[in-house]
Visitor: 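Below you'll find the structure I mean.
On a predicted model such as this, the values are computed, not experimentally measured, just so you know. The figures here come from the full heavy-atom set of this structure, side chains too, leaving out hydrogens, waters and symmetry mates.
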Protein chains: 2
Amino acid sequence: MLTNPRSDRVKSVASLARRSTRTRTGRILIEGPQGVREAVRLAPDDVVDLYTTPAAADRYESIITAAREKGVYVHEASDEVLAAMCDATTPQGLVAVSTWAPATFEEIITDRPRLLVFLTHVRDPGNLGTVIRAADAAGADAVLISDESVDVTSPKVVRSTAGSIHHLPIATGLPVLETIGRLRDEGIRTWAADGSGSVLVDDADLDGAHAWVMGNEAWGLTPETLHACDGAIRVPIYGLAESLNLAMASTVCLYTSARVQRSSATAKG
Amino acid sequence: MLTNPRSDRVKSVASLARRSTRTRTGRILIEGPQGVREAVRLAPDDVVDLYTTPAAADRYESIITAAREKGVYVHEASDEVLAAMCDATTPQGLVAVSTWAPATFEEIITDRPRLLVFLTHVRDPGNLGTVIRAADAAGADAVLISDESVDVTSPKVVRSTAGSIHHLPIATGLPVLETIGRLRDEGIRTWAADGSGSVLVDDADLDGAHAWVMGNEAWGLTPETLHACDGAIRVPIYGLAESLNLAMASTVCLYTSARVQRSSATAKG
């Protein structure tokens, strides 16, 4: 059992809290049972090491068993070692080091996507992670993230995805206007989700391939981005709320797309 | 200008971080421009005092002007005083003390609600606040909160509602099974939002008056609660995600209800 919170191994894991280390090593930190379970389930070959306290090994026996069966190297470690490795205040005794690489725009396009979300200038890690989870749940084909956004490999984003970072391709660092142009060239319509939109989400043309373009959580989309998109679409506010937050608006947009595309596929099928 | 962070006034405001003080005084703390703006806009008579730093008074001049016009007592205070009053690490220089009272179940029923959400055993303040905001945005008539849930008046919940705590009636401390029975007696159907549901949300009967019954963010609904409801309804997961979080699932359910009820009203109208 690992018991020295000042060992080189612990320092090496803890250093993944720094973006520069993640970029250099191509490795990320997955904290907590939900993320670790999903990594073991769907990307076991990417999991380099799994660390667990004895208590967590009992509590999450199914995760540990699955990890061992899939050849993941499982290490027992003390509570102090886990705490020293982690960014989260309560990693619940379970943390994994995994390789992770973004997809390229070209790879995503090659798979002829029907539903995408393009996050521009998103700054809050929890929001970014939650939108990735929503995109995964709604069956989106991939997530695009612009430059000047929060780093998708940061531990807080990874936690908020609840495993979805391993479930669908994610491209990062994309220049906003150029990417909207490239999507158009590929026949993918770009819908700006914006409170100024004259079309309501339930009336929008969501049948064909399209990308939802989402703005920054505080100031939304830039005028240039709004202008570059094929149209602006609004999630209706029926009560007195001023707005929905980014994660909620993305969830409504993506689920509406999923409903329309799937009922259309059934009707045609 | 208030400059003494150890004054009785500051201590009195800061004491609203404690549930016991909020219950005794019937007052809550509203931190940050979004919540303060909504309180001033829609419930100015409830705002007892508004505190602002000189910088925030400049930056949020429209809020301060509106507050003064509506007779709210505005105090300038130093950064240290604001920090000593607040629970949030970054209240952005603006905080208000407001009266707030929950609605009773009877008051909510008297208004013949068509769309409700009943949160059972919700523990995370951010989740609770976000669901209240989603309910408000989707035009729900009220929010019901069970006993053994996080206190809706806690500063973190109030912040997460982004003002919606002032927008629609909220009843608290409701016993789960008894409340489901009372809703049924009033002709309001109860739909358990649950991954085990055999009916998909898009196929559900959402035309009539109904309440979405949501479970705890980690363990969901108890078997007794599931059994007591009129049916269990599932938000489909089209990708590989294990689930949606409570706030996202509530948003999808509430917006689907809003769409169905409003298109039905249009068709009949």
Visitor: Could you check if a side-chain atom of B:V252 sits within less than 4.5 angstrom of a side-chain atom of A:T251, using non-hydrogen atoms only?
Guide: yes

Visitor: Testing the 3.5 Å rule here: is there a donor-acceptor pair between the side chains of B:S243 and A:R133?
Guide: yes

Visitor: Which one, A:V235, A:L244, A:T161, leads in non-hydrogen pairs under 4.5 Å with chain B?
Guide: A:L244

Visitor: Pick from A:I237, A:L168, A:D141: which one has the most heavy-atom pairs with chain B under 4.5 Å?
Guide: A:I237

Visitor: From B:L200 CG over to A:R259 CZ, what is the distance, rounded to the nearest 0.5 angstrom?
Guide: 12.5 Å

Visitor: If you count every heavy atom of other residues, nucleotides or ligands that lies below 6.0 Å from B:R112 atom CZ, does the total exceed 12?
Guide: no

Visitor: Looking at B:A258, B:A138, B:G126, B:S164, which has the largest count of heavy-atom pairs under 4.5 Å with chain A?
Guide: B:A138

Visitor: Relative to chain B, which segment of A:T130 carries a heavy atom at a distance below 4.5 Å: side chain, backbone, both, or neither?
Guide: both

Visitor: Which residue out of A:A241, A:A140, A:A135, A:S250 racks up the most heavy-atom pairs below 4.5 Å with chain B?
Guide: A:A241

Visitor: Counting only N and O atoms by type, is there a donor-acceptor contact under 3.5 Å from the side chain of A:D136 to the main-chain atoms of B:G239?
Guide: no

Visitor: Where on A:N245 is there a heavy atom nearer than 4.5 Å to chain B: the side chain, the backbone, both, or neither?
Guide: both

Visitor: If you count heavy-atom pairs under 4.5 Å with chain A, which of B:G139, B:A162, B:A134 comes out on top?
Guide: B:G139

Visitor: Step through the shown structure and confirm whether more than 12 heavy atoms of other residues, nucleotides or ligands are within 6.0 Å of CZ on A:R114.
Guide: yes

Visitor: Highest number of heavy-atom pairs under 4.5 Å with chain A: which of B:R37, B:E242, B:R41?
Guide: B:E242

Visitor: For A:P236, does its backbone N or O pair with a side-chain atom of B:Y255 as donor and acceptor, under 3.5 Å?
Guide: yes

Visitor: Is it the side chain or the backbone of A:L42 that comes within 4.5 Å of chain B heavy atoms, both, or neither?
Guide: side chain

